[in-house]
Amino acid sequence: MAPPKVQALALVDCNNFYVSCERIFRPDLTHVPMVVLSNNDGCVVSRSNEAKALGVKMGAPWFECTALAEQHGILAMSSNYALYADMSNRVMNILSEFSPRSEVYSIDECFVDLTGTPKMREVSYAMRDRIGMWTGMPVCVGIGPTKTLAKLANHVAKKHPRSKGVFNYNALSPEQKTQLLAHISVEEVWGVGHKLTQKLARHGVHTVQDLRVAHVPTLRAEFGVVMEKTQRELQEVPCIELQEIQPERQQIICSRSFGGMVTELDVLKDALSTFAANACAKLRAQNSHAAVIQVFLQTNRFRKELPQYMPSLAVPLPYPTHDSLEVNRWASCLCERMFKPDYQYKKAGIMLSEISPVTRRQGDLLEPETTSNAKLMQALDQLNQRYGRGTVKVSTQGAFKGWQMRQERKSPNYTTCWDAIPVV
DNA sequence: TCTCCGATTAGAC
DNA sequence: CTAACGGTCTAATCGGAGA
């Protein structure tokens, strides 16, 4: 039997994705140092190359950057997820035409199986060029025999301008591979974060090459199966398969930090009704039911001088549901049971778990299921899909102000809202 | 003693 | 000008409770 062919997996990753999305509709910002902030205008989640060069750190709280920002004229924008999701879909659609096997890994990344493709480099540049031409999005392509090495190859493509956005690990000789890996810090490896980098250093593992040739039993004993898989992947043995169909969510969380402090029960309930509606919409979108609902409240953990309270309460539902109204009633009830006055709440959320497909739900003669709500929910989803999220809401949703997040620097919804199209 | 479960940890993006 | 630090998700691991 012939040995299995070496895979050629391409990881296509958008450059500075959120920032690039904003720039596509604001070409005047192309060379402006800029960042995109997380929800509530809290932290830096995307940086332009200019902002990186000025030392703005990923994940930094924005209020800590304002001095630097003022000094250098760094522009900060609120995140516009409707825009990013739409741009992502456009990029992914283009990529899907290059291979029958691909995996949308995240909003800005896609694995594309190019195994057996002749002229790998040409195809990679074709992907880049077509995405650039049709969407304006800059991307880099990394090719490797495993997901982990494709990721690493992408890192090389991003970091070295000489690669012109494409790097093929498979094209290297064994000596070149060793050389390359010996010059990359182990923290660049997919699955090795901050903590593991430190722990690996304590074991004398600093570079990717160190990890690749590390003593297997020790690695296994000290770092577990995950690290062992990572090592195997670096040795070109595929351990992490391409996931062409993405599995259904096992749990769904909807939570938000508030724009300000919240002290009233009714405001918390109002926020939770929005979270319940969003969580159930996600549940219905994947045709599932949840059997457990959990609600949590949180005071501001960064305000150490204030009294802290972070309760959380879970209940099994009498029967699995995806009904916004019913989930909202439970959320409300749980909220009431946990609520204590005299605390300043900063965040709340709802978690749905024990999720199963609707089709596998057991019939039960005593089941109080009614079809009326099901039809209502279906209509609600269709309206919100057609006319935009938030067109139709559950009664109390949005009646109380004071919890909505701050978004003082948001761009218009260029691609999903007619009114946002600039008049020439 | 074995298994199950919830909480905790680590990571990705 | 205030006050100001994200949101979802998965998998592994560990310790205690219960069988």
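Naming convention: chains lettered A, B, ... in sequence-line order (proteins, then strands); numbering from 1 in each chain. Just so we're clear, the structure is a prediction, and the values are computed from it rather than from any experiment.
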With a non-hydrogen cut-off below 4.0 angstrom, is A/Q250 in contact with a base, only sugar-phosphate, or nothing?
-> sugar-phosphate
According to a strict under-4.0 Å criterion, is A/K347 in side-chain N/O contact with OP1 or OP2 of C/dG7?
-> yes
A/M351 has an atom CE; how far is it from atom P of C/dC9, in whole Å?
-> 9 Å
Provide, to the nearest angstrom, the distance between the CD atom belonging to A/E248 and the P atom belonging to C/dC9.
-> 13 Å
Mapping A/F63 and A/Q243 onto DNA chain C by nearest heavy atom, which one lands closer to the 5' end?
-> A/F63
Between A/G42 and A/I253, just flag the one whose closest nucleotide in DNA chain C comes earlier from the 5' side.
-> A/G42
Exercise: do A/Q246 and A/Y105 side chains pair donor with acceptor under 3.5 Å = no
Closest to the side chain of A/V225, out of C/dT13, B/dG11, C/dC5, is C/dT13
Using distance alone, with no hydrogens and no angle criterion, decide if A/S353 and A/Q250 have a side-chain donor and acceptor under 3.5 Å apart.
-> no
Measure the shortest side-chain to side-chain distance between A/R101 and A/E244 over non-hydrogen atoms and say whether it is less than 4.5 angstrom.
-> yes
Looking at every strand, decide which applies to A/L37 at a 4.0 Å heavy-atom threshold: base, sugar-phosphate, or nothing.
-> nothing
A/R256 side-chain N/O to C/dT8 phosphate OP1/OP2 under 4.0 Å | yes
Kindly list each side-chain donor-acceptor pair under 3.5 angstrom involving residues 195-205 of chain A, sequence neighbours excluded, with atom names and distances?
{"residue": "A/T197", "atom": "OG1", "partner": "A/G193", "partner atom": "O", "Å": "2.6"}
{"residue": "A/Q198", "atom": "NE2", "partner": "A/H194", "partner atom": "NE2", "Å": "3.3"}
{"residue": "A/K199", "atom": "NZ", "partner": "A/E222", "partner atom": "O", "Å": "2.8"}

Whole-Å distance between C/dA11 C1' and A/E241 CD?
-> 17 Å
With distance as the sole criterion, is a donor-acceptor pair present between the side chains of A/R232 and A/T148 under 3.5 Å?
-> no
Should C/dC1 form a Watson-Crick or G-U wobble pair with both distances under 3.5 Å, which nucleotide is its partner?
-> none
Starting from C1' on B/dG11, measure out to CE on A/M58 and report it in whole angstrom.
-> 14 Å
The nucleotide from B/dA12, C/dG6, B/dG11 with an atom nearest the side chain of A/S257 is C/dG6
Go through B/dA12, C/dC5, B/dA10 for me and flag the one nearest to the A/W190 side chain.
-> B/dA12
Just by distance, with hydrogens left out, do A/T263 and A/Q344 show a side-chain donor and acceptor under 3.5 Å apart?
-> no
For the side chain of A/K282, counting heavy atoms from C-beta on, which of C/dT8, C/dC5, C/dG7 is nearest?
-> C/dT8
Hey, does A/M405 reach any base, or is it just sugar-phosphate, or nothing, if we go heavy atoms under 4.0 Å?
-> nothing
Using a cut-off of strictly less than 4.0 Å, decide whether A/Q246 has a side-chain nitrogen or oxygen near OP1 or OP2 of C/dC9.
-> no
Does the side chain of A/N300 get closer than 4.0 angstrom to OP1 or OP2 of C/dC5 through an N or O atom?
-> yes
In whole angstrom, what separates A/W62's CH2 from C/dA3's C1'?
-> 16 Å
Using whole Å, report how far CD of A/E109 lies from P of C/dT8.
-> 19 Å
Look at all strands and tell whether A/F17 reaches a base, only sugar-phosphate, or nothing, counting heavy atoms closer than 4.0 Å.
-> nothing
So what does A/V189 hit on the nucleic acid, given a heavy-atom distance under 4.0 Å: a base, only sugar-phosphate, or nothing?
-> sugar-phosphate
Side-chain N,O (A/R303) to OP1/OP2 (C/dA4) below 4.0 Å | yes
Give the rounded distance in Å between these two atoms: CD of A/Q298 and C1' of C/dG7.
-> 12 Å
Could you state the atom-to-atom distance from CZ of A/R406 to C1' of C/dG6 in whole Å?
-> 12 Å
Under 4.0 angstrom, heavy atoms only, what part of the nucleic acid is A/K229 near: base, sugar-phosphate, or nothing?
-> nothing
Name the nucleic acid region contacted by A/R301, choosing base, sugar-phosphate or nothing; use a 4.0 angstrom heavy-atom cut-off, strictly under.
-> nothing
OP1 or OP2 of C/dG6 under 4.0 Å from side-chain N/O of A/S255 | no
From the candidates C/dT10, B/dG11, C/dG6, the one with an atom nearest any side-chain atom of A/Q251 is C/dT10
If you check every side-chain atom of A/N39, which of C/dC5, C/dC9, C/dG7 has the closest atom?
-> C/dG7
Shortest non-hydrogen separation from A/A331 to A/V295 and the atoms involved | CA-CG2, 3.8 Å
If we take the P atom in both B/dA12 and C/dC5, what is their distance in whole Å?
-> 25 Å
With both distances kept under 3.5 Å, what pairs with C/dA11, Watson-Crick or G-U wobble?
-> B/dT9
Base, sugar-phosphate, or nothing: which does A/I107 touch, judged by heavy atoms less than 4.0 Å apart?
-> nothing
Considering only side-chain heavy atoms of A/K195, which listed nucleotide, B/dA10, C/dG6, C/dT10, is closest?
-> B/dA10
May I ask you to establish whether A/K340 and A/Y309 are in a cation-pi arrangement, using a distance under 6.0 Å from NZ or CZ to the six-membered ring centre and at most 45° from the ring axis?
-> yes
Nucleotide nearest A/V45 when distance is taken to its side chain, options C/dG6, C/dC9, C/dA4 | C/dG6
